[in-house]
There are 2 protein chains.
Amino acid sequence: MSTDNPKKSLFAQFALVAKALSHGNRLELLEFLAQGERNVESLARLTDISVANASQHLQRLQRAGLVIARRDGHSVCYRLADEKVVTLLGALRVVTENNVAEVDRIIAGYFTSKDSFEPISHDQLLNRSREGLVTVLDVRPKEEFDAGHLPDAVNIPLKELENRLNELPKDQEIVAYCRGSYCVLAFEAVEKLRNHGFDVRRLEEGLPEWKLAGLPVERERKNI
Amino acid sequence: MSTDNPKKSLFAQFALVAKALSHGNRLELLEFLAQGERNVESLARLTDISVANASQHLQRLQRAGLVIARRDGHSVCYRLADEKVVTLLGALRVVTENNVAEVDRIIAGYFTSKDSFEPISHDQLLNRSREGLVTVLDVRPKEEFDAGHLPDAVNIPLKELENRLNELPKDQEIVAYCRGSYCVLAFEAVEKLRNHGFDVRRLEEGLPEWKLAGLPVERERKNI
DNA sequence: AATATATTCAATAGAATTATTGAACAAAGT
DNA sequence: ACTTTGTTCAATAATTCTATTGAATATATT
């Protein structure tokens, strides 16, 4: 870190950022932050860790330059420092998927028959959506939907899905998406809807990757 | 890691990969490996750490799935597991450059007036090189050059540069490159050549990024 | 000013990571 | 078989990281 070798000093800096990424809780926090700004308490609740622990992890991320804190009333809101952080997380995900066998094991064990779901990509969705052939379903909680969502998407949070099946078409393909590639929401939504006879597939990526690709995002006007 | 929550399990796997990146020595090893396969001893020498320590770091990288080992005679050769690792390292570099102030401080302190060197990008180099306006200079050691280099590049290792100035044109722009964005070789080459009155600039990236962009690479035939 | 809420700080014990040392191992040459 | 060379293993002490706990701080509300 404080060596006189400039290259080593630089690598030490890169290493500090990598170290900030080297804990599951922090990666999960970053995934939620990729959806938008959030305060400490809600992040702690979402990731199911104590507030003090979430606070410490968030400060670690801040020290590494990955997130930025902002005071709002008596809560502190964190957000990603940079959209390139999403790129970095994506690269980390891809390398891990490609080279760590354990990932396949976990997916095979929990997400039954992931492959049979045949996830659909950005481009495929754009093509079909242009032709009006698809209903896009956002299964995230309403607050996240309001902060930004795919064009013409319908929002039915996963919890309400069973009670609102009548809002979805039986004669048209449905594409469900949620926070990111491994967010369980879309997986579960696909499973539920299939059981009810819907023609449904999962979007390969989530909203952050969609935004990163420069694709359009709608936002509710009433957004504060 | 062995929780029953699939999302947490996956993030734990991603975190293990990030942890493998969380040490300066390992990042430096990866940078050299991005140039091509190498054995433990040469990597230890290049990074100026003990062989035992290099071995341990390399094994850590292997366990994380980032590199692959192969026995060759009585030495063990390591290589990157995947070209996506280069993408990951690049993303880590970009995020760190953008958000960690310390990086600017280090660059300002050691690489005098980095900005005044006005590094040239892939695309710019391609354009000029097509017009035959540029001499491309590879300042890496001969063995690395032989394993792959930019088209029509001239190889003069940094150490020999002062003695071989007569091989370079005074009336044409020279673009120097080396291993990667922060490899000191190109910086120093530019400085030396400027002092001798050459019109020289530095390529923004190194060979691994060039290859990753899908651009052509030449290789010596005699390469084993 | 007093109270409530949200966050951070400080202290702690247990766990993990680091570089170094010297021994152990495997392949090649003599 | 023996030696040499290149690599890995095992043990170690110093350092760092982690989650938890309860106290301290900052902002808004009454």
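Chain naming here is simple, since letters A, B, ... match the order of the sequence lines and numbering starts at 1 in each.
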Using the ring of each side chain (for Trp, its six-membered ring), is B/W210 parallel, tilted or perpendicular to B/H122, with breaks at 30° and 60°? perpendicular
Taking [atom1] from [X] and [atom2] from [N], how many angstroms apart are they, rounded to a whole number?
{"X": "B/K19", "N": "C/dT18", "atom1": "NZ", "atom2": "C1'", "answer": "13 Å"}
{"X": "B/H74", "N": "C/dA27", "atom1": "NE2", "atom2": "P", "answer": "11 Å"}
{"X": "B/L61", "N": "C/dT17", "atom1": "CG", "atom2": "C1'", "answer": "14 Å"}
{"X": "A/Q56", "N": "D/dT21", "atom1": "CD", "atom2": "C1'", "answer": "11 Å"}
{"X": "B/R45", "N": "D/dT7", "atom1": "CZ", "atom2": "C1'", "answer": "15 Å"}
{"X": "B/I49", "N": "C/dT18", "atom1": "CD1", "atom2": "P", "answer": "12 Å"}
{"X": "B/L16", "N": "C/dA15", "atom1": "CG", "atom2": "P", "answer": "18 Å"}
{"X": "B/R70", "N": "C/dA27", "atom1": "CZ", "atom2": "C1'", "answer": "15 Å"}

B/L43 vs B/L33, test: side chain to side chain contact (heavy atoms under 4.5 Å, CB included). Steps then yes/no. CA-CA 8 Å; B/L43 288 166; B/L33 289 172; 3.9 Å; yes
Is the shortest side-chain N to carboxylate O distance from [X] to [Y] below 4.0 Å?
{"X": "B/E83", "Y": "B/K211", "result": "no"}
{"X": "B/R140", "Y": "B/D138", "result": "yes"}
{"X": "A/E144", "Y": "A/R38", "result": "yes"}
{"X": "A/K192", "Y": "A/E188", "result": "no"}

Which heavy-atom pair separates B/A69 from B/V76 by the least distance, and what is that distance? CB-CG1, 3.9 Å
Phosphate-side-chain proximity, [X] and [N], N/O vs OP1/OP2 below 4.0 Å:
{"X": "B/H57", "N": "C/dA19", "answer": "yes"}
{"X": "A/Y78", "N": "C/dA6", "answer": "no"}
{"X": "B/N53", "N": "D/dT8", "answer": "no"}
{"X": "B/S55", "N": "D/dT8", "answer": "yes"}

Which of these nucleotides, [options], is closest to any side-chain atom of [X]?
{"X": "B/A52", "options": "D/dC17, D/dT7, D/dT8", "value": "D/dT8"}
{"X": "A/H23", "options": "C/dT7, D/dT18, D/dA28", "value": "D/dT18"}
{"X": "B/R60", "options": "C/dA27, D/dT18, C/dT17", "value": "C/dT17"}
{"X": "A/V76", "options": "C/dT8, D/dT7, D/dA19", "value": "C/dT8"}

So, taking the atom named CG in B/N155 and the one named NZ in B/K142, what distance separates them when rounded to the nearest 0.5 Å? 7.0 Å
Sub-4.0 Å heavy-atom contacts from residues 26-44 of chain B onto DNA chain C, ordered by number: B/R26
Ranking A/Q59 and B/D72 by the position along DNA chain C of their nearest nucleotide, the one closer to 5' is A/Q59
Could you check B/L58 against A/G73 and say which one's nearest nucleotide on DNA chain D is further toward the 5' end? B/L58
